[in-house]
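Shown next, in structure tokens, is the structure this report addresses.
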Amino acid sequence: MPLSARSYFVQQLLRWNRLANKRHMPWKGEKDVYKIWLSEIILQQTRVEQGLSYYEKFINDFPDVHALANASDTRVMKLWEGLGYYSRCRNLLQTARMVQDIYEGHFPKSYETLLKLPGVGPYTAAAISSFAANAPYAVVDGNVIRVLARFFGINRPAGDAVGKKVFDQLAQDILPNGRSAVYNQAIMDFGATVCKPAAPSCGTCMLRSRCYALNQHAVSSLPVKRIRPEKKDRYLHFIYIQYKGKVCIVQRRQKDIWQGLYQLPAIETSSKNFPAHFRPILTSQPKLWDDTDYTQVLTHQKIHARFYRISVIKKPEIQDGLWINEKELNEFPMPKVLVHFLKNIHK
DNA sequence: AACTCGGGGAA
DNA sequence: TTCCCAGAGTT
């Protein structure tokens with residue numbers, strides 16, 4: 001009886017993993033659920049190379065869930081600064097405190113329990129439960145979608161509900177019995193190092209003989225990509241307000257980008273024009289700091305930032321304003337664009 | 001179902 | 001520039 005495509009896929013993938021997978025990462029083979037969870041949260045929508053140093057910092061500063069749960073919001077957010085998607089960090093802290101209070105410090109390992117934790121969705125619950133307990137749940141991340149779409153010829157976007165179900169079902173169907181931990185790791189390593197988004201190594205791929213995309217010349221068209229909404233331009237004007245050697249910062253609380261981070265007081269305009277006034281923050285007019293236009297491109301927005309300065313004799317009333325010493329500025333977590341600005345002016 | 005949430009590296 | 005990354009939460 002001929003080997004089915006699915007059996008061939010799993011067999012060859014595991015063979016590749018055994019013979020040719022050279023990828024090693026500090027959390028690979030880790031059995032401490034806390035550390036597995038930490039690595040998975042950090043790596044959501046984040047490249048391994050980018051998350052690596054953050055993982056090391058977190059493990060070093062917070063070696064167990066208690067250390068993390070008892071740390072201050074600002075300290076944890078400061079450590080997360082620059083990694084982006086800050087709701088991950090807020091949920092990280094919330095989960096650590098939940099685990100300490102509700103589970104007495106014992107991190108859950110079961111898929112269903114993990115799913116209830118804030119910041120843990122289907123992918124992360126499958127990853128943690130399989131890595132920590134070899135539970136039979138297939139991970140479906142960007143790597144898996146790409147590998148399955150190409151090898152099996154899934155000509156359907158994974159973004160919508162139907163597509164998601166198709167990929168979930170297929171991934172779960174082919175998950176080899178009793179080897180979910182090794183297999184889940186293997187398919188993601190394979191996607192990251194062989195079946196890459198651009199310029200995959202098809203020439204030497206151990207699955208090439210039965211790969212749909214390679215044989216149908218569809219490698220570059222699979223997986224089917226979703227259309228991205230247009231980026232919106234936003235114009236932010238930050239003011240460096242000095243009063244008696246102190247400077248004012250505010251925390252972003254609104255439901256918007258960078259929630260929870262700190263920044264210099266700012267006003268937003270709808271065009272790149274110089275704002276007519278800086279009310280309600282200031283009644284007098286600050287001066288432009290320099291001609292530098294700091295831009296930062298996010299997934300859905302393009303941020304245009306300008307910086308202004310003013311030194312005041314009378315302390316202005318600024319909503320939720322924190323007046324701190326200039327040397328303390330680097331103790332507060334801030335958006336990257338402000339970190340860049342502050343680094344520039346202090347040298 | 002569609003939108004929103006960062007930042008960086010590579011093509 | 002554009003794409004995509006060990007996705008999840010909200011509307």
Side-chain angles (χ1 to χ4, degrees), chain A residues 23 25-28 30 36-55 77 80-92 94-95 114-131 137-147 149 157-165 167-168 171 181 184-193 195-200 220 223-232 234 252 254-261 294-303 333-340:
Chain A
R23 202 181 194 206
M25 299 167 290
W27 48 83
K28 204 163 167 177
E30 178 64 58
I36 297 173
W37 162 74
L38 187 57
S39 71
E40 292 302 338
I41 301 299
I42 287 175
L43 291 170
Q44 285 170 3
Q45 289 293 285
T46 303
R47 292 163 186 268
V48 167
E49 313 85 74
Q50 190 187 359
L52 192 55
S53 67
Y54 285 85
Y55 175 78
M77 194 62 99
W80 194 277
E81 181 187 77
L83 195 54
Y85 283 165
Y86 297 94
S87 67
R88 289 185 293 171
C89 186
R90 298 193 300 272
N91 288 331
L92 187 82
Q94 196 185 333
T95 289
L114 286 162
L115 258 190
K116 295 176 186 165
L117 301 173
V120 176
Y123 162 78
T124 305
I128 299 175
S129 63
S130 67
F131 294 149
Y137 295 92
V139 292
V140 181
D141 73 334
N143 289 305
V144 173
I145 288 167
R146 185 172 56 257
V147 172
D160 57 74
V162 180
K164 183 165 171 41
K165 201 168 179 180
F167 282 98
D168 284 351
N184 277 341
Q185 185 63 58
I187 192 171
M188 289 194 286
D189 287 346
F190 181 76
T193 61
C195 198
K196 297 170 286 187
S220 61
V224 178
K225 59 183 81 168
R226 64 190 172 113
I227 38 188
R228 288 170 190 275
E230 207 172 325
K231 286 188 195 337
K232 287 171 188 159
R234 290 181 70 176
R252 293 181 67 91
Q254 63 274 38
K255 200 166 172 50
D256 191 8
I257 54 172
W258 303 325
Q259 189 183 22
L261 300 189
Y294 292 80
T295 68
Q296 181 172 9
V297 180
L298 310 181
T299 305
H300 294 82
Q301 305 180 19
K302 187 172 183 182
I303 308 295
M334 296 190 186
K336 207 69 177 177
V337 64
L338 278 120
V339 173
H340 285 147

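Since this is a predicted model, take the numbers as computed values, not measurements.
- Heavy-atom neighbours of A:Lys196 NZ from other residues, nucleotides or ligands within 6.0 Å: above the threshold of 12.
- Put simply, the side chain of A:Tyr54 gets close to the backbone of A:Glu81: a donor and an acceptor are under 3.5 Å apart.
- One P atom belongs to B:dG8, the other to C:dA8, and the distance between them is 23 Å to the nearest Å.
- A:Val120 comes within contact range of the sugar-phosphate backbone alone, with a heavy-atom separation under 4.0 Å but no base atom that close.
- Bracketed by its first and final contacts, the part of DNA chain C lying under 4.0 Å from non-hydrogen atoms of chain A reaches from C:dC4 to C:dT11 in 5' to 3' order.
- Put simply, CD1 on A:Ile128 and CG on A:Asn184 are 12.5 Å apart, with the number rounded to the nearest 0.5 Å.
- Residue contacts for A:Gly82: at a heavy-atom cut-off of 4.0 Å it reaches the sugar-phosphate backbone alone, with no base atom in range.
- In this structure the side chain of A:Glu40 reaches within 4.5 angstrom of the side chain of A:Phe131, judged on heavy atoms.
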Polar-atom pairs under 3.5 Å, protein N or O versus N or O of nucleotides 9-11 of chain B: list them with distances, or write none.
{"unit_1": "B:dG9", "atom_1": "N2", "unit_2": "A:Arg47", "atom_2": "NH2", "d": "3.4"}

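- Summarising the geometry of A:Ile257 relative to A:Arg252, their closest heavy-atom pair is O-NE, 2.9 Å, with the distance given to 0.1 Å.
- A:Leu52 has its CG atom 16 Å from the P atom of B:dG8, to the nearest Å.
- Within 4.0 Å of A:Ile42, counting heavy atoms only, lies no atom of the nucleic acid at all.
- Taking A:Trp258 as the reference, nothing meets the ring-ring contact (aromatic ring centres under 6.0 Å, His included) condition, with sequence neighbours excluded.
- With no hydrogens or angles considered, no side-chain donor-acceptor pair links A:Gln45 and A:Arg88 at under 3.5 Å.
- Each of A:Pro118 and A:Glu40 was assigned the nucleotide of DNA chain C with the nearest heavy atom; the assignment lying further toward the 5' end belongs to A:Glu40.
- Spacing of C1' atoms, C:dA6 relative to B:dA11, comes out at 22 Å, to the nearest Å.
- Residues A:Leu261 and A:Met334 form no side-chain contact, since every pair of their non-hydrogen atoms from C-beta on lies 4.5 Å or further apart.
- At the heavy-atom level, A:Gln185 lies under 4.0 Å from base atoms of the strands shown.
- With sequence neighbours excluded, the residues satisfying salt bridge (charged side-chain N to carboxylate O under 4.0 Å, His left out) with A:Asp189 are A:Arg23, A:Lys28.
- A search for ring-ring contact (aromatic ring centres under 6.0 Å, His included) contacts involving A:Phe167 returns nothing, not counting sequence neighbours.
- A:Thr124 comes within 4.0 angstrom of sugar-phosphate atoms only, judged by non-hydrogen atoms across all strands, and of no base.
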Output one line per pair: protein atom, nucleotide atom from nucleotides 1-5 of chain B, and distance, for all N/O pairs under 3.5 Å.
{"unit_1": "B:dC5", "atom_1": "OP1", "unit_2": "A:Asp256", "atom_2": "OD1", "d": "3.3"}
{"unit_1": "B:dC5", "atom_1": "OP2", "unit_2": "A:Gln301", "atom_2": "NE2", "d": "2.8"}
{"unit_1": "B:dC5", "atom_1": "N3", "unit_2": "A:Tyr85", "atom_2": "OH", "d": "3.4"}

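- Among the heavy atoms of the strands lying under 4.0 Å from A:Arg146 are primed sugar atoms or P, OP1, OP2 only; no base atom is included.
- A:Trp27 comes within contact range of at least one nucleobase, with a heavy-atom separation under 4.0 Å.
- For the pair A:Ser130 (side chain) and A:Ala127 (backbone), a donor-acceptor distance under 3.5 Å is present.
- Rounding to whole angstrom units, NZ of residue A:Lys336 and P of B:dG7 are separated by 8 Å.
- Atom CD of A:Gln254 sits in a crowded spot, with more than 12 heavy atoms from other residues, nucleotides or ligands closer than 6.0 Å.
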